[in-house]
Number of protein chains: 2
Amino acid sequence: MLTIGQLAAYAGVTVRAVRHYHQIGLLPEPERDPSGYRRYAATAAVSLIKIRTLADAGVPLSQISRMLEAEASAFAEAIRTIDNHLRDEIERLETSRRHIGQLTAGDSLALPPEVAAYLDRLRSIGASERMVEAERDGWILVAARWPDRIVEWMPGKVAQLDDPQVVRLYRVLSEIFDGDVEDDPRLAEAADIMACLAEQAHAAGEVILGEEADDDLPHDLIDALAVESDPRVERLRELMRERGWSGWNRMERLAEPPA
Amino acid sequence: MLTIGQLAAYAGVTVRAVRHYHQIGLLPEPERDPSGYRRYAATAAVSLIKIRTLADAGVPLSQISRMLEAEASAFAEAIRTIDNHLRDEIERLETSRRHIGQLTAGDSLALPPEVAAYLDRLRSIGASERMVEAERDGWILVAARWPDRIVEWMPGKVAQLDDPQVVRLYRVLSEIFDGDVEDDPRLAEAADIMACLAEQAHAAGEVILGEEADDDLPHDLIDALAVESDPRVERLRELMRERGWSGWNRMERLAEPPA
DNA sequence: CTTGACCTTGACGCTGCGTCAACCCTCCAT
DNA sequence: ATGGAGGGTTGACGCAGCGTCAAGGTCAAG
């Protein structure tokens, strides 16, 4: 006959845990000896260890009690579910490990090389330093949130720069934002190009839009970053609305052209 | 400028979590707009994602705030510590996975093959079915608690059965417990053999005793199991005490022989 | 003007115990 | 027999990290 302390030691748990399991009805209360002490048979150790094995696997105690009352087939099924959870959890921790590694790699200075290459490419087609910095800030945000998927996206972005229209757009925007003229006439040209690009994208990729709501977040994020208090940005949005498009990075056709 | 909901969505956390981080001072409160809404700059998303990355790695929030205030070197050091924790945690989950697998393999019927072989060996040297069952129950307990280490112990147990004295002991004990005589004279013979074995073990393995307190638990466990209300067991303990030994499975020499 | 989707603060709930407090039992050495 | 160490007993509060009402105020769209 075991005391609660011995039982706990054998099972490798604390006395408090055993009492807790009694309280919630997970482990049946044993007989008491004349002085009121709980007295356990050795089989209680097996039950207790079974409980701990499941609890260590991350199974909530409430579910453990249901499992112990279940039949063998249901129990085996539950075990399989738990095993899958464990597998997922291990995978989660492994990606988490990779992510914290990137965290130390220089706060936010060290962007993935793919992004750095993209920024270099931007510079080489004539984008201003200011423009490149703005892009970099945006990609830092994106890289922070989707460190794994960003690699998938860069090839597309780099490919876009083969389009002469896109190159022209970046140059015009660079000129606009490098000066300090608020109502630059080139804003209209930029808006024209953007509308044209939006038109093309709209015609080609209607299907692509239907992917996932998740995929829209990056664009919204860049949107929000861009609108950081510059009247020229506001003016550009206005010009786009005139041309029948709302949004900034991810355009949407407006219902009908404003009067 | 982002609302709290947008920020939360971008960072992949809940609104409640963001407010919680404000409450505990982990994330600085932003300016409010005229209506009292919190308004975030895009950089807040980076801070928030950094926090989540660490929190997902299992770092307590209180420690995260200290980390964010720390210098680069201390930060990098902390990251390394976290990485180690993650590695350990992954390993823990992997062993946990193995253990729950064993749980489903037939409750407690499927002992490790090494133990099954040992029990067969016991049977073949003439131990009674009842004796073998008692041993099996004991090893079920041990296997539940130390599923990995039990494999290390079995070879020693099997080797013991090569000792003719041990074989004799098992046979005598089998005879004693197979009948229902309470004061079997063969109890004395059993006690003699056990005392002799204890003497040998004491002489040979004094050093081994100094291993770890942890290693004593299995023996204590078997002890506790054995003393499950049989007067013959009590009698045997008494006879052993007379011969200067206490305990059952793991013997200790008493200070001086009782009068 | 309403409706629905946001935002605000405040407060309680949840898990799985750790950690007092205040007291009782048992055993061992003196 | 006596005292102290080292068990045991119940009861209660504390902790992290939010989830989840409650009871409102705000904003954009129809």
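The figures here come from the full heavy-atom set of this structure, side chains too, leaving out hydrogens, waters and symmetry mates. Every chain is numbered from 1 and lettered A, B, ... according to where its sequence line falls, protein lines coming before strand lines.
Checked by atom type, the side-chain pair B:Tyr21/B:Arg16 shows no donor-acceptor distance below 3.5 Å.
Comparing atom distances between the A:His20 side chain and each of C:dG16, D:dC18, D:dG17 picks out C:dG16 as nearest. The side chain of A:Arg19 lies closest to D:dT9, out of D:dT9, C:dC17, C:dG18. Closest contact between the side chain of A:Thr3 and the listed nucleotides D:dG8, C:dT26, D:dG17 involves D:dG8. If you check D:dG8, D:dC18, D:dG19 against the side chain of A:Val15, the one that comes closest is D:dG8.
Comparing A:Gly5 and B:Val59, the nucleotide of DNA chain D nearest to each residue sits closer to the 5' end for A:Gly5. Ranked by how close their nearest DNA chain D nucleotide is to the 5' end, B:Gly58 and A:Gly36 are led by A:Gly36. Sequence order on DNA chain C of the closest nucleotides to B:Ile4 and B:Arg16 puts B:Ile4 first from the 5' end.
Counting to the nearest Å, the C1' atom of D:dT9 and the CG atom of A:Leu7 are 16 Å from each other. In this structure, A:Leu61 places its CG atom 6 Å from P of C:dC17, rounding to the nearest Å. Between the CE atom of A:Met1 and the P atom of C:dT26 there is a distance of 17 Å, rounded to whole Å.
Using a 4.0 Å heavy-atom criterion, one finds that B:Arg32 contacts the sugar-phosphate atoms exclusively.
Considering only heavy atoms from C-beta on, A:Pro30 stays 4.5 Å or farther from A:Arg39 through its side chain.
Look at B:Glu94 and B:Arg97 and you find no salt bridge, because none of the NZ, NE, NH1 or NH2 atoms lies under 4.0 Å from a carboxylate O. Of the charged side-chain nitrogens involved, at least one lies within less than 4.0 Å of a carboxylate oxygen, so that B:Arg80 and B:Glu77 count as a salt-bridged pair.
Remark: A:His85 NE2 is loosely packed, at most 12 non-hydrogen atoms of other residues, nucleotides or ligands lying under 6.0 Å away.
For B:Arg38 and C:dT8, the shortest distance from a side-chain N or O to OP1 or OP2 is below 4.0 Å. The phosphate of C:dC17 has OP1 or OP2 within less than 4.0 Å of a side-chain N or O from A:Tyr21. Close to C:dT8, at under 4.0 Å from its OP1 or OP2, lies no side-chain N or O of B:Ser35.
For B:Tyr37 against D:dG25, a side-chain N or O and a base N or O form a donor-acceptor pair under 3.5 Å.
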